[in-house]
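Indexing begins at 1, ligand by ligand and atom by atom, following the structure's order. Computed from a predicted model, the values in this text were never measured in an experiment. What you see below is based on every heavy atom in this structure, not just the backbone, and it leaves out hydrogens, waters and symmetry mates.
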Amino acid sequence: MLPIALLPERGSTYALNVDTAFWIIFYLSLVFFVIINVALIVFIIKYRRKPEDEEPGAPISHNTKLEIIWTIIPTILLFVIFWFGYRAYAKVKWPDKKPRLEIKITARQWGWTAEYPDGKKIITGTIKDNRAITEKDFPPIIFVPAGEPVQLLLTSTDVIHSFYVPAFRSKYDAIPGRYTKIWFQAKKPGEYPVFCTEYCGKWHSRMPAKVIALPPKKFDRFINIPVDKFNSTLANMPLDSIYAVLNLSDKEFEEWSGAQEKLLASLTPAERGKLLAQKLCVSCHSLDGSPGIGPTWKGLFGHEVELADGRKVVADENYLRESILDPQAKVVKGFQPVMPSFQGQLTEEQIMDIIEFIKTLK
Ligand code: HEC
Ligand SMILES: [Cu+2]
């Protein structure tokens, strides 16, 4: 391998297979690059036309020995490349054993939603400003057990995204209207960054996330947290707090989740809506009147909106609800119809919460 760290650590069971194929192709290319270019330079100098070369030399028809050599050697090398390439492909494509669980990942402009079989849901948002992204900006998107295979079922609500975990050498497109699959097995517990690697619009580089591989015991605790408790509390908390909660004893956990639920119950619908909107909507909608990809929400509620087809409507609750579930039904004048539908992503209660929040933005 090279003396410099070009690739991140190998965090999954098949990372070595992928790297082997990569380095074999890399070094073969390097060797032939040198051979061909040295020969090129030598021939240019040695066989250049000299002043005394008035007449062309005798024609050369062919050289059987040379031709056999330059056919057989590359053929063998191509089989070598095929063998290591296919082995890596097969490993990445087909799990060694049945995955422990399947997690659904939905990409959108610009963030990810993960859903567990029991309904646990984690949503990541957009880092929407121009500062450099740091390690702290990678929120958890999925928790997986280290040492066990996990399957992801990918899709997208709007354009093509790509779910890429460099340390696992796992990368697959998330395509609207279609499901794609990828699996991996983390070798040890740790935190592994996720990037979108299919250019998906303005904030493509700013939808970071993280795969958290937990020790098996911790993962069991995670998976056993009741879904309603998880979704109403932990799902929205920073990683440190989640670790802290996973470390609690059963009794401490009961107390903790009781206290959290009380806290959450004390939020008004508008406050709950604000939390959601900050994750899902503010990458396109400003709250303060400044321009964005979508219209600002400041002063929206109760006012007249001009549509692209010339109609005018008043932005009441029904209009807002329709705009969230079927954004293309009434497109606002001067804007592109690029808003993804949140049909199936938000519950009726969550939609009400967001509407209540929009109402407060006078
Ligand atoms: C990818 C960018 C994008 C995201 C994310 C997005 N929107 Fe939009 N939204 C738009 C665009 C563009 C329009 C204007 C075109 C149209 O009406 O479809 C719009 C229009 C709207 C309107 C109508 C506004 C008006 O002035 O009449 C509402 C309400 C709305 N969005 C709500 C939401 C909510 C709620 C969310 C989050 C759950 C959200 N949007 C997320 C891009 C987005
Ligand atoms: Cu993307």
Q: Can you establish whether the number of heavy atoms outside Phe335 located under 6.0 Å from its atom CZ is more than 12?
A: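 For Phe335, atom CZ is crowded (more than 12 foreign heavy atoms under 6.0 Å).
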
Q: Show which atoms of ligand 1 fall inside a sub-4.0 Å distance from at least one heavy-atom site of Leu320.
A: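 So the answer, numbered in order with elements, is 29 (C).
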
Q: When rounded to the nearest 0.5 angstrom, what distance separates SG in Cys284 from CH2 in Trp297?
A: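 Rounded to the nearest 0.5 Å, the SG-CH2 separation comes to 9.5 Å.
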
Q: Examine the proximity of ligand 1 to Leu300 and report which part, side chain or backbone, both or neither, has a heavy atom under 4.0 Å away.
A: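 Within the 4.0 Å criterion, Leu300 contacts ligand 1 through side-chain atoms alone.
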
Q: How far is atom 15 (C) of ligand 1 from its nearest protein heavy atom, and which residue and atom is that?
A: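 Closest protein heavy atom to atom 15 (C) of ligand 1: Gln336 O, 3.7 Å.
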
Q: Might you point out which heavy atoms bring Ala213 and Tyr192 nearest each other, and give the distance in Å?
A: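 Reported closest heavy-atom pair: CB-CE1, 3.9 Å.
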
Q: Any idea which N/O/S atom from His161 gets closest to the Cu ion (ligand 2)?
A: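 Going by distance to the Cu ion (ligand 2), the closest N, O or S atom in His161 is ND1.
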
Q: Just by distance, no angles: are the side chains of Ser286 and Thr296 close enough, under 3.5 Å, to form a donor-acceptor pair?
A: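 Result is yes, a qualifying pair exists.
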
Q: What closest approach, in Å, do Thr124 and Ala209 show between heavy atoms, and which atom pair accounts for it?
A: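 Taking every non-hydrogen atom into account, CG2-CB, 4.2 Å.
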
Q: Should the pair Tyr199 and His204 be assigned to parallel (<30°), tilted (30 to 60°) or perpendicular (>60°) ring geometry?
A: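 Geometry flag for His204 against Tyr199: perpendicular rings.
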
Q: Number the atoms of ligand 1 from 1 as they appear, then name those within less than 4.0 Å of a heavy atom of Val331, with their elements.
A: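 Ligand 1 atoms under the 4.0 Å threshold to Val331: 15 (C), 16 (C), 17 (O).
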
Q: The Cu ion (ligand 2) and Cys196: any N/O/S contact shorter than 2.8 Å?
A: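 Yes, Cys196 qualifies, because one of its backbone or side-chain N, O or S atoms lies under 2.8 Å.
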
Q: With heavy-atom distances below 4.0 Å as the criterion, list the atoms of ligand 1 near Lys330.
A: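 Contacts of ligand 1 toward Lys330, numbered from 1: 17 (O).
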
Q: Would you mind checking which non-hydrogen protein atom is closest to atom 27 (O) of ligand 1, with the distance to 0.1 Å?
A: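 Ranking protein heavy atoms by distance from atom 27 (O) of ligand 1, first comes Tyr319 OH, 2.4 Å.
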
Q: What I want to know is whether Ile354 and ligand 1 share at least one N or O pair that is separated by under 3.5 angstrom.
A: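 Ile354 vs ligand 1: no N/O contact under 3.5 Å.
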
Q: Mind counting the protein N, O or S atoms sitting less than 2.8 Å from atom 8 (Fe) of ligand 1?
A: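 Step by step: take atom 8 (Fe) of ligand 1, keep protein N, O, S below 2.8 Å, and you get 2.
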
Q: Which of the atoms of ligand 1 are close to Gln109, meaning less than 4.0 Å from one of its heavy atoms?
A: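 Checking each atom against Gln109, I get 1 (C), 5 (C).
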
Q: For ligand 1, which atoms have a heavy atom of Val305 less than 4.0 angstrom away?
A: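 Heavy-atom distances to Val305 below 4.0 Å select 27 (O).
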
Q: Does Lys65 have more than 12 heavy atoms from other residues, nucleotides or ligands lying within 6.0 Å of its NZ?
A: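 No, because the 6.0 Å sphere around NZ of Lys65 holds 12 heavy atoms or fewer from other groups.
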
Q: Salt bridge or not for Glu271 and Lys274, using N-O below 4.0 Å?
A: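 Looking at Glu271 and Lys274, the cut-off is not met.
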
Q: Looking at Phe79, Tyr86, Phe84, which hits ring pair (Phe, Tyr, Trp, His ring centres under 6.0 Å) with Phe82?
A: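 That would be Tyr86.
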
Q: Quick one: look up the protein heavy atom nearest atom 17 (O) of ligand 1 and list residue, atom name and how far away it is.
A: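 Looking only at protein heavy atoms, the one closest to atom 17 (O) of ligand 1 is Val332 N, 3.0 Å.
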
Q: Atom 41 (C) of ligand 1: which protein heavy atom is closest, and how many Å away?
A: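 Result for atom 41 (C) of ligand 1: Phe342 CE1, 3.6 Å.
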
Q: Any salt bridge (charged side-chain N to carboxylate O under 4.0 Å, His left out) pairs touching residues 106-123, not counting sequence neighbours?
A: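 Matches after skipping sequence neighbours: Asp118-Lys120.
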
Q: Within the 4.0 Å heavy-atom shell around Ile293, which atoms of ligand 1 are there?
A: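 Atoms satisfying the 4.0 Å criterion: 12 (C).
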
Q: For the metal site, I want the angle between atom SD of Met207 and atom SG of Cys200 with the Cu ion (ligand 2) at the apex, to 10°.
A: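 Once rounded, the angle between the two atoms at the Cu ion (ligand 2) is 100°.
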
Q: Could you label the plane-to-plane angle of the Phe168 and Phe184 rings as parallel, tilted or perpendicular, counting under 30° as parallel and over 60° as perpendicular?
A: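 Answer is tilted, since the angle falls between 30° and 60°.
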
Q: Do the charged groups of Lys359 and Glu317 touch, with an N to O distance under 4.0 Å?
A: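 Yes, Lys359 and Glu317 are salt-bridged.
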
Q: Which of the atoms of ligand 1 are close to Val338, meaning less than 4.0 Å from one of its heavy atoms?
A: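 Ligand 1 atoms under the 4.0 Å threshold to Val338: 12 (C).
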
Q: Output the distance between atom CH2 (Trp183) and atom CG (Leu152), rounded to the nearest 0.5 Å.
A: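 Going from CH2 on Trp183 over to CG on Leu152, the span is 11.5 Å.
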
Q: In terms of relative ring orientation, are Phe22 and Phe26 parallel, tilted or perpendicular, with 30° and 60° separating the classes?
A: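 If you compare the ring of Phe22 with that of Phe26, the planes turn out parallel.
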
